[in-house]
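In what follows, a structure is listed as structure tokens, so that the remarks can point back to it.
Residue numbers begin at 1 in each chain, while the letters A, B, ... track the order of the sequences.
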Number of protein chains: 2
Amino acid sequence: MAVSKAAVDKRPMIERIRAAAIALFKARGYHGTPVRELAQAVHIETASLYYHFASKQEILFDLIAQTIEAMLDGVQLAIASESTPEGRLRVAVRFHVLYHIARQDEAFVSHSELRSLSRANYKRILVKRDRYEKFIRALLADGVRSGAFEIDDVPLTGTAILTMCSGVSDWFARRGRLTPAKVADHYANLVIRLVAAK
Amino acid sequence: MAVSKAAVDKRPMIERIRAAAIALFKARGYHGTPVRELAQAVHIETASLYYHFASKQEILFDLIAQTIEAMLDGVQLAIASESTPEGRLRVAVRFHVLYHIARQDEAFVSHSELRSLSRANYKRILVKRDRYEKFIRALLADGVRSGAFEIDDVPLTGTAILTMCSGVSDWFARRGRLTPAKVADHYANLVIRLVAAK
DNA sequence: GTCTATAACTAGATAGAC
DNA sequence: GTCTATCTAGTTATAGAC
């Protein structure tokens with residue numbers, strides 16, 4: 001029937017705004033997205049947005065903060081059940097890749113729009129991101145200590161691994177040849193190959 | 001002396017505009033950079049910009065096109081003197097990494113502002129980028145054929161390598177602990193480790 | 001919690017003098 | 001090749017009614 005042409009979105013308005021912001025910021029960027037379009041996407045007027053968020057900047061900050069926090073929580077949970085450095089690194093990589101596919105748009109925006117954060121907000125996000133990077137580097141260092149890994153330069157290798165794995169949020173949509181699980185397995189194998197002792 | 005407080009930039013205005021655009025688009029994004037600021041950066045009025053470029057969009061397109069073309073030319077030249085698949089891949093990676101450090105800002109903008117291109121310009125750039133990706137994949141496929149490399153999925157591994165190596169334009173400025181040459185060597189080693197047959 | 005109306009400002013681009 | 005002046009439109013955000 002004509003009535004239900006557009007399905008009613010039952011989520012709280014604040015979540016619908018977040019979701020719309022993710023899609024629009026990804027497609028056209030933060031500065032490239034007028035607040036008006038954000039409002040249109042959730043079928044309210046521009047002014048009504050300001051009941052939910054103090055500013056456009058606050059929407060961006062909320063979105064990025066949530067994305068990184070969920071990622072750190074997720075990876076910590078993922079490795080908890082593993083008992084070896086290789087096992088922990090493997091599930092961490094799998095989690096990281098799957099997260100960057102499942103929440104591809106958030107991940108993309110959280111990376112590409114860091115520069116659109118205000119100075120103060122940027123600093124708050126960097127703290128969170130550093131925490132995540134240190135966590136991954138610790139996994140590598142553990143493996144080196146136990147003899148499972150052979151790594152010349154742990155910080156550099158850690159960064160290389162993270163940029164490689166985060167990259168999936170860049171290209172996954174373009175070529176959906178492989179399932180997320182297959183891509184994650186593949187990346188886990190690549191990473192192990194990169195660090196494993198002979 | 002007070003006269004030469006700001007050194008006179010002797011390059012043609014069109015090049016100075018390009019250089020300023022790279023810096024500003026990197027720092028604040030294409031949509032985040034008003035044409036007025038671009039003009040101020042090269043000490044002319046906004047209107048004068050339009051003598052050199054038809055539009056802001058044309059500046060972005062020119063900049064990205066040049067960056068990718070120079071990269072393809074460069075990598076082809078770099079591998080010409082190598083006679084083995086491993087040698088060719090090694091110098092290709094070294095070149096790619098050094099290019100992404102030496103022309104860090106161009107590389108960053110060329111990647112992050114693809115979405116700010118008009119539809120038509122975007123397509124023209126994709127053609128160039130695909131050419132580059134195919135070139136790298138061919139290097140991998142050659143090595144597999146000769147038995148030098150063992151790669152499960154050449155396109156996926158190619159993409160993983162490229163995103164990893166392009167990533168240096170993201171982080172190199174933040175932590176200048178290593179020289180460009182050291183980083184390039186390190187990445188070449190990582191990539192070889194990723195593909196070499198045992 | 002959403003609206004209409006609008007303030008206050010900034011955007012990209014052009015006309016035409018020099 | 002660069003300028004001053006300006007057009008037209010779009011921007012974020014607010015005031016106050018409902």
Measuring from [X]:[atom1] to [Y]:[atom2], what's the distance to the nearest 0.5 Å?
X         : Y         : atom1 : atom2 : answer
Ile68(A)  : Asp73(A)  : CD1   : CG    : 12.0 Å
Leu126(B) : Asn121(B) : CG    : CG    : 11.0 Å
His96(A)  : Tyr187(A) : NE2   : OH    : 10.0 Å

Would you call [X]-[Y] a salt bridge at under 4.0 Å N-O?
X         : Y         : result
Arg145(B) : Asp142(B) : yes
Asp185(A) : Arg90(A)  : no
Glu37(A)  : Arg28(A)  : yes
Lys56(B)  : Glu113(B) : no

For DNA chain D, note the earliest and the latest nucleotide, 5' to 3', having some atom under 4.0 Å of a heavy atom belonging to chain B.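 For DNA chain D, the relevant span reads dG1(D) to dT4(D).
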
Below 4.0 angstrom, which residues in residues 114-122 of chain A have at least one non-hydrogen atom near DNA chain C?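 The answer is none.
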
Residue pair Val42(B) / Ala20(B): nearest heavy atoms and the distance that separates them: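 Answer, listing the atom of Val42(B) first, then Ala20(B): CG1-CB, 3.8 Å.
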
Flag side-chain contact, heavy atom, 4.5 Å: Gln66(B) against Glu106(B):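 They are not in side-chain contact.
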
What string of B, S and - do you get for nucleotides 7-12 of chain C, 5' to 3', when a contact is any protein heavy atom under 4.0 Å? ----BB

